[in-house]
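Notes follow once the structure below has been shown.
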Amino acid sequence: MSHSENLYKPMLMEIQKVIPETPDVRTFELVFKDSADRDAFRFRAGQFAEYSAFGLGESTFCIASSPTRMDHIECCFRKTGRVTSELFRLNEGDTIGLRGPYGNSFPIEDCFGKNLYFVAGGIALPPLRTLIWNCLDWRDKFGEITIVYGARTVSDLVYKRELDEWQKRSDIKLVKTVDPGGQTPDWDGSVGFVPTVLKEVGPSPSNSVAFVCGPPIMIKFTFPVLTQAGFEPNQIYTTLENRMKCGLGKCGRCNVGGVYVCKDGPVFSYEQLMKLPAEY
Ligand SMILES: Cc1cc2nc3c(=O)[nH]c(=O)nc-3n(C[C@H](O)[C@H](O)[C@H](O)COP(=O)(O)OP(=O)(O)OC[C@H]3O[C@@H](n4cnc5c(N)ncnc54)[C@H](O)[C@@H]3O)c2cc1C
Ligand code: FES
């Protein structure tokens with residue numbers, strides 16, 4: 001039975017490369033085992049997929065690579081429970097399943113000509129990293145690009161090699177930070193919580209859009225920094241990570257009020273979130 005006949009049948013993906021990011025976070029570079037699946041696969045920045053460890057179940061991760069770079073698909077995940085622990089155990093050459101892509105995406109075309117702020121915390125850089133690379137590959141379509149990324153400690157930062165690359169580029173501004181006490185003697189970034197460091201950066205709302213992903217506590221304190229700087233709620237976007245099962249709008253696992261996060265999201269503007277019940 002093909003994927004189009006059975007929506008729950010995963011495509012087979014070979015783990016081409018495993019990149020350790022932190023002690024409990026890994027990146028997988030994945031390639032399609034079936035060339036027909038590869039040729040048919042299209043996605044947009046912000047979409048997610050269901051990744052399966054055979055015999056155990058599925059986990060929801062964003063697609064962390066950019067749609068402008070289709071030679072492989074990447075996910076970056078933290079070992080938290082059953083499925084992610086099994087995925088964490090796998091090696092290069094092993095096979096996992098992938099269903100997707102699902103959900104909506106970041107409104108990248110609406111951002112042409114605008115200044116972009118990317119604000120991320122901890123393991124929540126991957127959903128923005130897909131968009132960051134998409135925008136960098138289309139660099140001349142955007143104004144200034146500012147990235148503020150922080151983690152609790154230096155060892156909790158993901159994509160360290162790319163942070164170094166972004167820091168060297170003259171066409172983007174990267175501010176990396178760790179929480180007070182999380183720095184090492186050779187740390188060359190800022191020390192402070194992401195919202196505080198963002199405030200010091202002084203984000204300008206003029207012709208700008210901000211994309212914010214992070215733990216709930218970071219989001220809670222970052223939105224006010226942006227609104228107090230003059231950003232309207234429709235200039236701020238984030239992604240929600242409500243627990244999911246089907247990813248297809250069928251099981252009702254992910255809904256908040258009348259909204260299915262898997263179908264209507266996971267990308268929402270702050271303006272949309274303000275209309276949702278507080279439980280999101
Ligand atoms: C749209 C979306 C995108 C996501 N992208 C990523 C990603 O790129 N990288 C990544 O590491 N994780 C991501 N997540 C979270 C990820 O899906 C869960 O951490 C993972 O499924 C846990 O699976 P498990 O079987 O190992 O854990 P389980 O054994 O099911 O649970 C372990 C613990 O984690 C908690 N947990 C499980 N899922 C979630 C969740 N969605 N939110 C909060 N707590 C949860 C459980 O309550 C439990 O305490 C995303 C989630 C969504 C909905
Ligand atoms: S995950 Fe099943 S309806 Fe959203």
Side-chain angles (χ1 to χ4, degrees), residues 1-22 24-106 123 125-131 133-134 137 158-159 162 239 241-251 253-254 260-263 265-267:
M1 196 181 276
S2 72
H3 310 295
S4 54
E5 288 164 341
N6 181 352
L7 295 173
Y8 297 97
K9 185 176 176 190
M11 294 172 279
L12 299 181
M13 309 294 291
E14 182 176 323
I15 303 170
Q16 175 178 259
K17 194 166 178 191
V18 177
I19 306 172
E21 300 283 355
T22 77
D24 62 354
V25 177
R26 285 200 168 160
T27 285
F28 281 173
E29 288 185 9
L30 302 166
V31 286
F32 293 90
K33 293 193 91 157
D34 183 332
S35 58
D37 289 341
R38 182 197 61 213
D39 295 345
F41 193 80
R42 301 275 181 283
F43 74 99
R44 287 175 56 88
Q47 289 193 287
F48 66 91
E50 294 294 330
Y51 300 76
S52 38
F54 296 119
L56 261 184
E58 297 181 311
S59 262
T60 314
F61 309 137
C62 70
I63 302 174
S65 45
S66 169
T68 50
R69 302 173 181 207
M70 290 299 284
D71 52 322
H72 63 261
I73 301 295
E74 283 182 42
C75 64
C76 175
F77 63 96
R78 169 173 283 149
K79 183 170 64 162
T80 51
R82 255 164 51 90
V83 176
T84 46
S85 297
E86 176 60 15
L87 291 172
F88 205 82
R89 215 184 48 76
L90 299 179
N91 296 310
E92 292 170 5
D94 288 339
T95 299
I96 67 167
L98 181 144
R99 289 195 290 124
Y102 298 132
N104 68 353
S105 57
F106 291 109
I123 177 68
L125 183 57
L128 289 190
R129 184 246 191 184
T130 166
L131 182 63
W133 276 119
N134 197 154
D137 286 344
V158 298
Y159 299 119
E162 296 185 2
T239 64
E241 293 204 346
N242 294 44
R243 293 209 72 166
M244 293 181 184
K245 199 165 177 65
C246 69
L248 292 161
K250 295 190 186 298
C251 72
R253 178 74 175 265
C254 66
Y260 286 84
V261 175
C262 67
K263 264 182 71 173
V267 176

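Counting begins at 1 with the first residue of the sequence. As the structure is a prediction and not an experimental result, all values here were calculated from the model.
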Identify the heavy atoms of [X] and [Y] that sit nearest to each other, and give their distance.
X	Y	result
P127	I123	CD-O, 4.4 Å
Y102	C246	CE1-O, 4.2 Å
R42	P101	O-CG, 3.1 Å
T130	P67	OG1-CD, 3.8 Å

Partners passing salt bridge (Lys or Arg N to Asp or Glu O under 4.0 Å) against [X] (at least two apart in sequence or in another chain):
X	value
E241	none
R89	E86
E92	none

Could you check whether any side-chain N or O of [X] sits under 3.5 Å from a backbone N or O of [Y], counting only pairs where one atom can act as donor and the other as acceptor?
X	Y	result
R26	F88	yes
S52	G57	no
D94	N91	yes

Results of ring pair (Phe, Tyr, Trp, His ring centres under 6.0 Å) for F106 - residues two or more places apart only:
F211
Who passes side-chain hydrogen bond (donor to acceptor under 3.5 Å, both in side chains) against [X], sequence neighbours left out?
X	answer
T84	T80
R44	S105, E109
K33	T95

Partner set under side chain to side chain contact (heavy atoms under 4.5 Å, CB included) for [X], not counting sequence neighbours:
X	result
A49	Y51, I63, L98
I19	K17, E21, T27, E29, R161
R82	L56
N104	P266, V267

[atom2] on [Y] to [atom1] on [X], rounded to 0.5 Å:
X	Y	atom1	atom2	result
C262	K245	SG	NZ	13.0 Å
F28	I73	CZ	CD1	14.5 Å
S65	N134	OG	CG	10.5 Å
L30	M13	CG	CE	5.0 Å
L12	F54	CG	CZ	5.0 Å
F48	T239	CZ	OG1	10.5 Å

Contacts satisfying salt bridge (charged side-chain N to carboxylate O under 4.0 Å, His left out) that involve residues 47-72 (not counting sequence neighbours) are E58-R99, R69-D137
[X] vs [Y] side-chain heavy atoms within contact, under 4.5 Å:
X	Y	value
K250	L7	yes
E74	W133	no
Y159	C76	yes

Between R78 and D24, is there a side-chain N and carboxylate O pair less than 4.0 Å apart?
yes
For a side-chain contact (heavy atoms from CB on, under 4.5 Å) check, start with the C-alpha distance between Y260 and M244, then their side-chain angles and the critical distance, and finish with the verdict.
CA-CA 10 Å; Y260 286 84; M244 293 181 184; over 6 Å; no
